[in-house]
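Read through the structure below, which is laid out as structure tokens, and then see the notes.
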Amino acid sequence: MLRIHDTLRDELVELIPRVDGEISLYACGPTVYDHPHLGHARQAMTYDVARRYLEWAGWRVHHVANITDIDDNIINRANREGVSDTEIAETWTAVYLEVMDDLGILPPHDRPKATEYVDEMIEFISTLIERDTAYVTDSGVYLRVRSVEGYGDLVHRTVDELAEGAGTRVEVDETKEDPLDFALWKAAKPNEPTWDSPWGPGRPGWHIECVAMSLGILGDDFDLHGGGNDLVFPHHTNERAEAIAAGRSFSRYWMHNAMLNIDGEKMSKSLQNYTTVRDLLDEDPRNARALRLALLQTHYRKILEINPEILETARAGIDRMDAMVRKATAAGVDIDGAELDADAAESFSEAMDHDFGTPEAMAIVFEQVRRANGAIDAGEPEAAVAAKTAIELAGALGLTIGGDTGENDGAEDDAEIDSLVAERTAAKADRDFATADRIRDELAARGVVIEDTPHGPIWRRG
RNA sequence: GCGCCGGUGCCCGAGCGGCCCAAGGGAACGGCCUGCAAAGCCGUACAGUCGCGGGUUCAAAUCCCGCCCGGCGCUCCA
């Protein structure tokens with residue numbers, strides 16, 4: 001039984017999908033106008049892990065993640081740089097996709113762009129106007145928020161509670177009937193891209209795109225809608241309002257990942273305290289996996305403090321897992337031919353079925369690592385099963401251990417290192433430990449660590 | 001102000017009323033292994049008050065109330 005924490009009901013509920021055995025998932029993606037930062041990585045990884053696990057567990061998953069390629073931030077940057085908004089969007093979309101790939105994020109089954117769905121949005125807005133839940137003014141088209149029943153349910157606030165905050169921090173458009181009402185369509189302004197519409201040239205509001213794309217691709221009553229918890233209000237609240245106002249069944253369940261903190265503060269653009277994913281990956285090629293491990297070891301709904309120490313800790317964990325596989329391989333353990341440990345796999349599934357309990361799931365993986373190490377040392381046959389299980393379960397969460405991780409691509413001196421290691425082995429055989437240690441120090445200076453095993457030395461870049 | 005979330009060992013972090021004298025990772029210490037290391041395994045100290053104070057219960061880190069501290073949202077934001 002798969003249970004998740006549903007934001008709307010605010011409790012743990014069993015996920016009963018629209019179609020048996022099949023889960024449709026819509027995860028809100030980024031607005032592309034700058035380098036993706038670690039928060040984007042957490043968001044993407046949260047749903048990547050969910051999708052991978054569900055598929056591993058035998059569900060058919062339809063994963064949709066959009067790209068918002070038209071909005072104020074994009075237009076502002078385009079005007080600032082004197083280029084077209086399309087150019088900005090395309091440039092940063094490419095960067096985003098590349099970074100996601102480097103992070104080991106599986107491409108979603110569909111990756112729609114807002115600008116590809118303008119027709120659908122216009123049609124949707126027309127419906128809302130026909131139903132009299134939206135109205136046209138000189139500045140655009142607005143949704144009549146108070147006409148939507150349960151508008152604030154997702155944030156667990158009443159409309160009046162929300163009204164208290166509305167307009168206190170943002171200038172209210174005078175033409176709106178109510179400060180809570182929000183734009184479905186924005187009338188054309190100078191220096192902005194526009195599309196034709198029944199209400200004159202303009203561009204879509206922020207929230208309408210996700211409704212058009214999610215319902216357009218996954219259909220009514222799709223299963224799971226996710227995103228960062230900063231989207232609960234207003235973005236998801238407004239998406240939901242639009243769908244309700246149109247009389248459409250929207251997502252059955254909502255899940256939201258927590259933010260990332262840096263130095264005890266929320267990481268955000270405005271605070272200028274963010275780290276780009278690119279910088280992190282450039283720092284150390286192992287960081288893609290280290291970041292994934294760090295994320296997995298904290299529950300997705302809990303704020304994660306991210307800093308260099310956390311990543312260092314995670315890298316040590318990755319090294320530990322890799323070392324086990326190296327040792328098993330050196331010892332000739334037949335991992336591929338081994339069975340999965342059924343008990344461990346079951347505990348793992350239990351942990352994951354409980355609102356994606358990745359910290360507990362990783363604890364199970366590490367237990368297998370320890371078991372494997374012990375069995376390898378003792379020459380026991382269960383080494384293969386434990387190693388296989390660790391690799392398989394970590395892999396189910398997108399974490400590759402051992403094997404070719406591609407992290408040392410570009411290092412061309414393998415042969416040279418091999419020969420130095422062989423020299424050291426020869427020196428050791430002659431009990432010329434001075435020479436052996438000198439070679440070991442030399443290699444260490446180059447970042448290469450030698451590990452002696454009963455089956456001969458192995459080495460790694462540390 | 002209104003609302004939400006969190007405070008668990010040296011650090012990070014599980015924990016969903018009994019299986020918790022509290023997982024897992026990192027760091028530390030001791031032992032085994034090693035020519036010495038590294039890696040690994042075993043063991044140990046760390047949480048004798050799970051922020052503090054009450055309460056509910058046969059039973060609470062886990063539920064309720066109050067308080068303190070921190071973070072976040074109410075604004076573009078993953």
Electrostatic pair [X]-[Y], nearest N-O below 4.0 angstrom:
X        : Y        : value
A/Arg203 : A/Asp72  : yes
A/Arg278 : A/Glu98  : yes
A/Glu451 : A/Arg326 : yes

- Message: With a 4.0 Å cutoff (strictly under), does any side-chain N or O of A/Asn257 reach OP1 or OP2 of B/A78?
- Response: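 False: A/Asn257 side-chain N/O out of range (4.0 Å or more) of B/A78 OP1/OP2.
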
- Message: Does a side-chain N or O of A/Lys302 approach OP1 or OP2 of B/G71 to a distance below 4.0 Å, or not?
- Response: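 No, A/Lys302 has no side-chain N/O under 4.0 Å of OP1/OP2 on B/G71.
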
- Message: Among residues at least two apart in sequence or on other chains, which ones pass side-chain hydrogen bond (donor to acceptor under 3.5 Å, both in side chains) with A/Arg438?
- Response: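 With neighbours one apart ignored, the set is A/Glu442.
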
Proximal nucleotide (of [options]) relative to the [X] side chain:
X        : options             : result
A/Arg370 : B/G26, B/G24, B/A78 : B/G24
A/Arg424 : B/G3, B/G35, B/G25  : B/G35
A/Asn373 : B/A78, B/G73, B/G40 : B/G40
A/Arg320 : B/G13, B/A78, B/G40 : B/G40
A/Ile310 : B/C12, B/C76, B/G71 : B/C12
A/Glu367 : B/C76, B/G24, B/C2  : B/G24

- Residues touching RNA chain B, which here means a heavy atom under 4.0 Å, drawn from residues 431-453 of chain A: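 Contacting residues: A/Arg431, A/Phe433, A/Asp437, A/Arg440, A/Val449, A/Ile450, A/Glu451, A/Asp452.
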
- Task: Could you point out which residue of A/Thr46, A/Asn229, A/Asp355 forms a side-chain hydrogen bond (donor to acceptor under 3.5 Å, both in side chains) with A/Tyr300?
- Result: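 Per the side-chain hydrogen bond (donor to acceptor under 3.5 Å, both in side chains) rule, the option paired with A/Tyr300 is A/Asp355, out of A/Thr46, A/Asn229, A/Asp355.
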
- Do A/His37 side-chain and B/A78 base share a donor-acceptor contact under 3.5 Å?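 Flag set: donor-acceptor pair detected.
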
- Paired with B/C21: which nucleotide, if any, by Watson-Crick or G-U wobble criteria at under 3.5 Å for both distances?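 Result: none.
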
- Task: Tell me the partner of B/A28, counting only Watson-Crick (N1-N3 plus N6-O4 or O6-N4) or G-U wobble (N1-O2 and O6-N3) with both under 3.5 Å; none if nothing fits.
- Result: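 With both distances under 3.5 Å, B/A28 matches B/U44.
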
For nucleotides 15-20 of chain B, which of its nitrogen or oxygen atoms have a protein nitrogen or oxygen under 3.5 Å away, and what is each distance?
unit_1 : atom_1 : unit_2   : atom_2 : d
B/C16  : O2     : A/His354 : NE2    : 3.1
B/C16  : N3     : A/His354 : NE2    : 2.3
B/C16  : N4     : A/His354 : ND1    : 3.0
B/C16  : N4     : A/His354 : NE2    : 3.3

- Task: Indicate, with a heavy-atom threshold strictly under 4.0 Å, whether A/Arg42 touches base, sugar-phosphate, or nothing.
- Result: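 No contact.
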
- Item | A/His109 side chain to A/Val61 backbone, donor-acceptor under 3.5 Å |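 Checked: pair present.
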
